[in-house]
Amino acid sequence: MATAHSRTAARLMVSPAVILLFLWMIVPLGMTIWFSFLRYNLLTPGNESFAGFDNYYYFLTNAAFWQALTNTLTLVLGVLAITVIGGVLLALLLDQPFWGQGVVRVMVIAPFFVMPTVSALVWKNMFMNPVNGMFAHIAKTLGLQPFDFLAHAPLASIILIVAWSWLPFSTLILLTALQSLDREQQEAAEMDGASPLARFWYLTVPHLTRSITVVVLIQTIFLLSVFAEILVTTNGGPGNASTNIPYLVYAQSLLSFDVGGGSAGGIVAVILANIVAIFLMRMIGKNLET
Amino acid sequence: MSRKTTQTRRTVVTIAAWSIGFLIFFPILWTILMSFKSEGDAIKAPLAMLTSPWSLESYHEVQERSNYALHFWNSVVLSVGSTIAALIIAVPAAWSMAFVPGKRTKDLLMWMLSTKMMPAVGVLVPMYLLFRDFGLLDSRAGLVAVLTLINLPIVVWMLYTYFKEIPGEILEAARMDGASLRAEILYVLTPMAVPGIASTMLLNIILAWNEAFWTLQLTTSKAAPLTQFIASYSSPEGLFYAKLSAASTMAIAPILILGWFSQKQLVRGLTFGAVK
């Protein structure tokens with residue numbers, strides 16, 4: 001059915017998407033690489049000069065970078081731990097028959113649709129505020145000293161906020177996976193006398209492994225770029241206590257106007273994301289064999 | 001298993017699921033409730049707040065003080081505009097990849113996906129400078145272009161997985177029956193493709209509405225969508241809980257509703273077809 005004529009037409013139809021994405025990929029990224037080798041500060045325009053690897057050297061040897069890297073990894077791993085474990089438990093629960101499944105499902109998914117600036121500010125003010133927040137009110141009722149979450153445990157608080165936004169995603173995907181589980185196989189195992197634990201371990205877990213991998217990889221891509229939640233809650237502080245790599249790059253380039261240093265940081269972030277991306281692409285690529 | 005134990009079990013699961021669901025939904029519910037209180041009542045202890053009188057005062061004030069309608073409209077223009085632009089580019093591309101696949105189709109799809117993996121901060125500096133030099137900072141047109149490009153890979157992928165499910169035999173059958181190309185597209189393909197296009201559109205509007213990196217970096221006031229407008233509440237300026245709640249409720253309500261319609265497509269869209 002594919003004639004030479006239709007092939008040409010097909011190529012023409014694909015080309016706008018390809019050309020646009022190619023430009024989007026290559027032009028800004030090329031500029032970032034170029035800037036990363038320059039001494040370039042927005043406060044002293046016209047004084048750009050070649051800097052070699054100096055920007056990388058300063059960025060990577062700065063104590064702030066190592067703290068930001070640690071914070072980025074803590075944030076990613078913390079949110080992953082909560083959302084994957086919580087997501088599996090929640091999906092197993094919601095997969096059981098109970099009254100009002102539709103309503104509960106909607107309530108559980110809802111946080112995913114809340115824009116990052118809203119979820120961060122709602123948690124920051126209505127819940128974590130040490131004077132008027134709900135946690136402070138509860139602490140006072142119990143006769144305890146209110147805890148200033150964002151001042152004393154900034155990173156943990158941000159992990160909680162981000163985990164709340166992403167828990168619905170993992171739950172929804174794992175629930176979808178559970179529902180595609182082969183019921184007949186389950187029943188056969190039950191007839192053969194397999195205990196519920198054995199059925200879970202030998203049938204459900206292997207079935208879920210693939211979906212968990214997908215959840216982990218996709219969330220990692222997004223979690224490596226958490227930005228808005230940090231901007232509106234702590235501004236990366238106190239000190240650098242809640243600065244991650246995206247926030248550090250933003251602060252360096254748009255708050256300190258150091259284009260060269262910020263660009264070097266941007267390239268470091270790209271390299272980090274690519275390490276994860278390679279694994280994700282393999283997963284999805286395998287699925288494409290049809 | 002006796003009937004009684006399944007009933008007991010069902011009751012226990014119901015209680016557990018409702019409690020956890022309520023707990024997860026609670027911050028949203030609380031925000032909605034608080035938006036119908038006055039500023040003075042909003043910061044009271046939880047019980048006192050609940051029993052205080054209801055009012056629409058915060059909704060009025062949010063609009064009067066800050067032209068909320070403008071930011072809402074910006075969000076609509078940015079999300080719908082970028083989605084339509086992405087669809088115009090992606091439908092023909094996904095169509096031809098699904099129906100006239102070549103040797104390189106798979107590589108092309110994977111490459112498109114890889115562009116989505118690039119973290120935004122990697123191109124923050126040049127994008128900011130390009131926008132500044134072309135006078136696009138704080139303009140809706142510039143942001144529509146960026147949002148179109150960042151969501152284009154997802155749109156192509158989603159459409160591709162939907163189109164792929166349309167069986168080629170149906171087209172051949174139509175052709176055997178003497179349908180013209182025009183009739184084939186109009187009466188056979190389009191009805192089968194519409195649900196896929198609609199759900200792709202829905203998911204993409206949601207993603208663009210909530211996008212909070214480029215909207216925060218590239219807008220300040222005139223073209224600022226709701227993400228940026230809400231972020232302006234991060235600087236404390238006296239009593240603002242009720243107003244923040246009202247602004248937030250209006251910002252998330254449309255997406256919550258759209259989201260309920262797109263639950264199933266969400267999984268497929270966000271996992272690039274890896275989980276269905």
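Letters go in sequence order (proteins before strands), and every chain restarts at 1. No hydrogens, no waters, no symmetry mates; every other heavy atom, side chains included, goes into these values.
In this structure, B:T14 contributes its side chain and A:W99 its backbone to a donor-acceptor pair below 3.5 Å. When atom types are taken as modelled, the side chain of A:T32 and the backbone of B:G122 share a donor-acceptor pair closer than 3.5 angstrom.
Comparing B:A86, B:G21, B:A16, B:A90 by heavy-atom pairs within less than 4.5 Å of chain A, the highest count is held by B:G21. Of the listed residues (B:V91, B:I150, B:L129, B:T215), the greatest number of heavy-atom pairs within a distance under 4.5 Å of chain A belongs to B:L129. Looking only at heavy-atom pairs under 4.5 Å with chain A, the residue among B:A42, B:A145, B:A212 that has the most is B:A212. Among B:S114, B:A247, B:A120, B:A94, the residue with the largest count of heavy-atom pairs under 4.5 Å with chain A is B:S114.
Side-chain N/O atoms of B:Y233 and A:N125 include no donor and acceptor closer than 3.5 Å.
Only the side chain of A:W123 comes within contact range of chain B, with heavy atoms under 4.5 Å apart. Heavy atoms of A:L21 lying under 4.5 Å from chain B belong to its backbone as well as its side chain. Residue contact with chain B, scored on non-hydrogen atoms closer than 4.5 Å, involves the side chain of A:L254 exclusively. For A:R105, the part lying near chain B is the side chain, with the backbone staying farther off; criterion is any non-hydrogen pair under 4.5 Å. Interface remark: B:A251 contributes backbone and side-chain atoms alike to the contact with chain A (heavy atom separation under 4.5 Å). Contacts of B:I206 with chain A are made by side-chain atoms alone, with heavy-atom separations under 4.5 Å and no backbone atom involved. Using a 4.5 Å cut-off between heavy atoms, A:I109 contacts chain B through its side chain alone, with no backbone atom that close. A:Y40 touches chain B through its side chain: at least one heavy atom from C-beta onward sits under 4.5 Å away, while N, CA, C and O do not. Only the side chain of A:F227 comes within less than 4.5 Å of a heavy atom of chain B; its backbone N, CA, C and O stay farther away. Both the backbone and the side chain of A:V18 come within less than 4.5 Å of a heavy atom in chain B. Contact annotation for B:L124: only side-chain heavy atoms (C-beta onward) come within less than 4.5 Å of a heavy atom of chain A. Residue A:L90 touches chain B through its side chain alone, counting heavy-atom pairs closer than 4.5 Å. Residue contact with chain B, scored on non-hydrogen atoms closer than 4.5 Å, involves the side chain of A:S225 exclusively. Contacts of B:R132 with chain A are made by side-chain atoms alone, with heavy-atom separations under 4.5 Å and no backbone atom involved.
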Please report, to 0.1 Å, the donor-acceptor pairs under 3.5 Å made by any side chain of residues 168-175 of chain A, with sequence neighbours excluded.
residue, atom, partner, partner atom, Å
A:S170, OG, A:T83, O, 2.8
A:S170, OG, A:L167, O, 3.1
A:T171, OG1, A:L167, O, 2.7

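When all heavy atoms are compared, the tightest approach of A:P97 to B:R10 is O-CG, 3.5 Å. The shortest heavy-atom contact between A:V108 and B:I24 is O-CG2, 3.9 Å. Contact detail for B:N210 and A:P116: the closest heavy-atom pair is O-CD, 3.3 Å.
At least one side-chain heavy atom of B:L130 sits less than 4.5 Å from a side-chain heavy atom of A:M31.
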